[in-house]
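Each ligand, and each atom within it, is numbered from 1 in the order the structure gives. Just so you know, these numbers come straight off a predicted model, no measurement behind them.
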Amino acid sequence: MTSSAADATPPEPTVAVLGTGIMGSGMARNLLRAGLPVRVWNRTQAKAAPLAADGATVAGTPEEADGADVIITMLNDGPTVAAVLTDAAPGLRAGQVLLQSSTVGIDATTDLARRAGEAGLVYLDAPVLGTKQPAEQGTLTVFVSGPATARATVNPVLDAIGQRTVWVAETPGTASRLKLVANTWVVTLVSNIAECLNLAEGLRIDPQMFLDAMKGGPLDSAYLQGKSAALLSGDLTPSFTVTNALKDSQLILDAARTSGVRLDLVAAAAERFSRAEEAGHGAEDMIATYFAGRAPEQDGG
Ligand code: NAP
């Protein structure tokens with residue numbers, strides 16, 4: 001059998017990571033560990049600078065970072081991704097793949113795919129499932145929708161950042177819709193845990209007694225035990241911030257509204273995240289929604 005150019009393994013892609021916050025920094029490190037050339041950019045330079053020690057080229061502007069085969073955006077929301085792409089525009093070239101991994105919802109995905117198309121980029125709608133630790137360990141699950149022709153280019157990137165890639169459709173949008181369904185599970189679950197702990201406190205039940213009662217049974221979960229242990233030990237280091245959980249709850253509610261679905265639990269979760277944010281817990285892990293369950297007099301208010 002003779003080999004042809006079509007059979008040849010494509011060269012390893014160069015990658016630009018725009019946004020090196022909680023998720024983007026771990027993803028960039030795993031790309032570097034996989035031996036891919038990586039450029040990074042972050043608005044707050046101090047969060048990108050440590051990646052130089054891992055071998056990344058740290059760029060001063062999105063435009064400097066973007067001359068790569070694959071551009072990953074891992075920014076907080078859709079308007080931010082749009083603004084950063086505008087800043088990057090002078091350096092973009094047709095044929096680059098935009099692996100858009102921020103959670104931006106349905107409308108922003110449509111808008112970003114259009115912008116990418118106008119710039120000649122190949123748009124992959126690629127939200128991720130998993131949080132800080134899976135991002136650091138390269139064990140994210142990546143949902144991807146976009147043209148299959150981009151697969152050969154992005155597969156080394158996806159293999160480096162995740163343990164599983166789910167190619168859900170050939171058109172952008174489907175992966176983001178799946179992500180909203182998955183995050184409905186996440187935001188209601190964490191709110192549910194917080195309310196159980198709130199009630200335990202209110203009823204003067206040691207929360208550990210509740211957790212021990214659940215342990216090993218059909219109602220137990222690693223998530224229940226892990227999030228509760230973090231809260232009870234006072235460790236609110238964010239894996240996923242209250243502010244981003246509120247943003248996602250709002251994206252879910254927008255999507256539900258336009259599709260004629262009523263989601264009472266997500267609406268309640270959003271109210272809790274909003275109260276926790278107003279009380280100053282926005283940058284803490286989303287289990288800080290616990291603090292939204294205190295009656296005002298308990299907060300001294
Ligand atoms: P994060 O640590 O808060 O990072 C957010 C990033 O967005 C930072 O790089 C931040 O830059 C940048 N940013 C915010 N506003 C900006 C602006 N106006 N201009 C330029 N850059 C701006 O959040 P994260 O947890 O990594 O999340 C990033 C995305 O992944 C979000 O869409 C989130 O919903 C999604 N996600 C998160 C998780 C998770 O568990 N953490 C899981 C799956 C998906 P600065 O550093 O300068 O603020």
Checking a contact table here: which protein heavy atom is nearest atom 4 (O) of ligand 1, and how many Å away? G21 CA, 3.7 Å
Considering only non-hydrogen protein atoms, determine which one is nearest to atom 44 (C) of ligand 1 and report residue, atom name and distance to 0.1 Å. T103 OG1, 3.5 Å
Test log, rule side-chain hydrogen bond (donor to acceptor under 3.5 Å, both in side chains), inputs E195 and Y290: CA-CA 7 Å; E195 289 210 342; Y290 170 85; over 6 Å; no
Would S191 and T289 count as a side-chain hydrogen bond (donor to acceptor under 3.5 Å, both in side chains) if you check the C-alpha gap in whole Å, the side-chain angles of each, and the deciding distance to 0.1 Å? CA-CA 7 Å; S191 307; T289 184; 4.9 Å; no
Quick one: does ligand 1 sit under 4.0 Å from the side chain of [X], the backbone, both or neither, non-hydrogen atoms only?
{"X": "S239", "result": "backbone"}
{"X": "K47", "result": "side chain"}
{"X": "Q100", "result": "neither"}

In ligand 1, the atoms that come under 4.0 Å of a heavy atom of K247 are 31 (C), 32 (O), 33 (C), 34 (O)
Atoms in ligand 1 with a heavy atom of G130 nearer than 4.0 Å: 40 (O), 42 (C), 43 (C)
Step by step, work out the side chain to side chain contact (heavy atoms under 4.5 Å, CB included) result for N244 and M286. CA-CA 8 Å; N244 270 338; M286 62 179 163; over 6 Å; no
Is any N or O atom of [X], backbone or side chain, closer than 3.5 Å to an N or O atom of ligand 1?
{"X": "G19", "answer": "no"}
{"X": "W41", "answer": "no"}
{"X": "S101", "answer": "no"}
{"X": "K132", "answer": "no"}
{"X": "D77", "answer": "no"}
{"X": "I22", "answer": "yes"}
{"X": "F240", "answer": "no"}

Before you tell me yes or no, could you show the steps for D254 and Q250 under side-chain hydrogen bond (donor to acceptor under 3.5 Å, both in side chains), namely the whole-Å CA-CA distance, both residues' side-chain angles and the distance that decides it to 0.1 Å? CA-CA 6 Å; D254 288 347; Q250 286 162 341; over 6 Å; no
Is there a heavy atom in P127 that sits closer than 4.0 Å to ligand 1? no
Check for me whether T80 has a heavy atom closer than 4.0 Å to any atom of ligand 1. yes
Could you tell me whether a side-chain N or O of D69 sits under 3.5 Å from a main-chain N or O of T14, the two making a donor and an acceptor?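 A pair under 3.5 Å: yes.
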Do any N or O atoms from the side chain of K132 and from the backbone of P238 form a donor-acceptor pair under 3.5 angstrom? no
Considering N76, N244, V128, L140, which one's heavy-atom position lies nearest to atom 13 (N) of ligand 1?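 Looking at heavy atoms only, the winner is N76.
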Option nearest atom 8 (C) of ligand 1 (shortest heavy-atom distance, choices T20, L75, N42, D285): N42
Under the side-chain hydrogen bond (donor to acceptor under 3.5 Å, both in side chains) rule, what do Q100 and D125 come out as? Steps first, then yes or no, please. CA-CA 5 Å; Q100 203 307 101; D125 169 28; 5.5 Å; no
Begin with the C-alpha distance, continue with both residues' side-chain angles, and end with the deciding distance and a verdict on side chain to side chain contact (heavy atoms under 4.5 Å, CB included) for L189 and L224. CA-CA 8 Å; L189 195 55; L224 168 65; over 6 Å; no
So which heavy atom on L98 is nearest to which on A116, and how close? CD2-CB, 4.2 Å
With the threshold set at 4.0 Å, does a side-chain nitrogen-carboxylate oxygen contact exist between K215 and D212? no
Quick check for you: to the nearest 0.5 Å, what is the distance between T103 atom OG1 and K179 atom NZ? 4.0 Å
